[in-house]
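Hydrogens, waters and symmetry mates play no part in the numbers below; they use all other heavy atoms, side chains included. Convention: sequence-line order gives letters A, B, ...; per-chain numbering from 1.
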Protein chains: 2
Amino acid sequence: MRIKMAKGIADVAKVFQALSDETRLLILEQLKDGEQCVCDLTDVFKTGQSRLSFHLRVLKDAGLILARPEGRWMYYSLNLDGVEELQDVVTSLKAASSRAAKRGCCP
Amino acid sequence: MRIKMAKGIADVAKVFQALSDETRLLILEQLKDGEQCVCDLTDVFKTGQSRLSFHLRVLKDAGLILARPEGRWMYYSLNLDGVEELQDVVTSLKAASSRAAKRGCCP
DNA sequence: ATAATTCATCAACGTTTCTTGATGTAATAG
DNA sequence: CTATTACATCAAGAAACGTTGATGAATTAT
């Protein structure tokens, strides 16, 4: 069992911030198919390289993707750890929502 | 079984945007205890009323909370539907991450 | 009726984020 | 070696966001 470091609220906000952009959501969607290099993504999105580089950095800094250099290419992939931490936050919110709904529903 | 309208990517981005601010995350945290009026929240956060009103609107527009007027008070609470849709998005991302990790792990 | 309370909205301002094009760096190719 | 490729980073401007204080609408109290 891996040790899981609890994130502060600032980190959580940062993760959601990274997810708050359509381009970045599309990048994640694209990475669902597996590891890709920036060149693949520029092909797919038909956009400037520096723009993609910017968004990849945001996702990486948020811990949502991993970067693996190989030769002159940089391969990006989904970061399971980061996504699991995200899921924990959402699950806890869902649990509270369910409790509140249950409380409110039966007068 | 409730009918679940699929959200476009813009809507998903909007939900994450709503979650990308520390104050709004604290508001949600506070609402985990159940429905609260704006006055309760201004007490808790010791901040200006218009500031809270702004953040509550963002959360409401994103579908994460519900507003219930009663007399001169407005009660806010977590919106289970919105949170569940959020969870669906994250779960799907997690599933893809797991698949990718499994693929990558065993050379 | 007037006054007070609760909250939403607006305008103005500063801050952050996103995009674009240019420059820099490291690895490979010729 | 020089040239090229793949990518990161920087600087400048545009757009979106968050804060503040003022105003407005609806409700309740006196």
Under 3.5 Å, is there a donor-acceptor pair linking the side chains of A/T23 and A/R51? yes
Check every strand shown and say whether A/Y76 touches a base, only sugar-phosphate, or nothing at a heavy-atom separation below 4.0 Å. sugar-phosphate
From D/dA8, C/dC7, C/dA8, pick the nucleotide closest to the side chain of A/M74? D/dA8
Is atom NZ of B/K60 surrounded by more than 12 heavy atoms (other residues, nucleotides or ligands) closer than 6.0 Å? no
Polar side-chain atom of A/S97 near backbone of A/L93 as donor-acceptor pair, under 3.5 Å: yes
Return the value, rounded to whole Å, for the distance between atom CG of A/L56 and atom P of D/dA8. 7 Å
On DNA chain C, nearest-nucleotide positions of B/R72 versus B/A67: which is more 5'? B/R72
Strictly by modelled atom types, are B/K32 and A/S92 linked by a side-chain donor-acceptor pair under 3.5 Å? yes
Before accepting this row, confirm whether a basic side-chain N of the pair B/E70/B/R68 lies closer than 4.0 Å to the acidic partner's carboxylate O. yes
To the nearest angstrom, how far is A/F45 atom CZ from C/dT19 atom C1'? 16 Å
I'd like to compare against my own output: the B/S/- annotation of nucleotides 14-24 of chain D with a strict under-4.0 Å heavy-atom distance to protein. ---SBBBBB--
Without decimals, in angstroms, what is the distance between A/D40 CG and D/dA6 P? 11 Å
Side-chain contact test, heavy atoms from C-beta onward, threshold under 4.5 Å: evaluate it for A/L78 versus A/L28 and give yes or no. yes
Starting at CD1 of A/I65 and ending at C1' of D/dA8, how long is that distance when rounded to a whole Å? 14 Å
Taken to the nearest whole Å, OH/A/Y75 to C1'/D/dC7 is 13 Å
side-chain contact (heavy atoms from CB on, under 4.5 Å) partner of A/I65, chosen from A/L59, A/V58, A/V83: A/L59
Please state how far atom CH2 in A/W73 lies from atom C1' in C/dT25, giving the value in whole angstrom units. 16 Å
Quick one: on DNA chain C, does B/C39 or A/E70 contact a more 5' nucleotide (nearest heavy atom)? B/C39
May I have the distance from A/D61 (atom CG) to D/dT9 (atom C1'), rounded to whole angstrom? 13 Å
Separation of A/R68 atom CZ from D/dA6 atom P, in whole Å? 16 Å
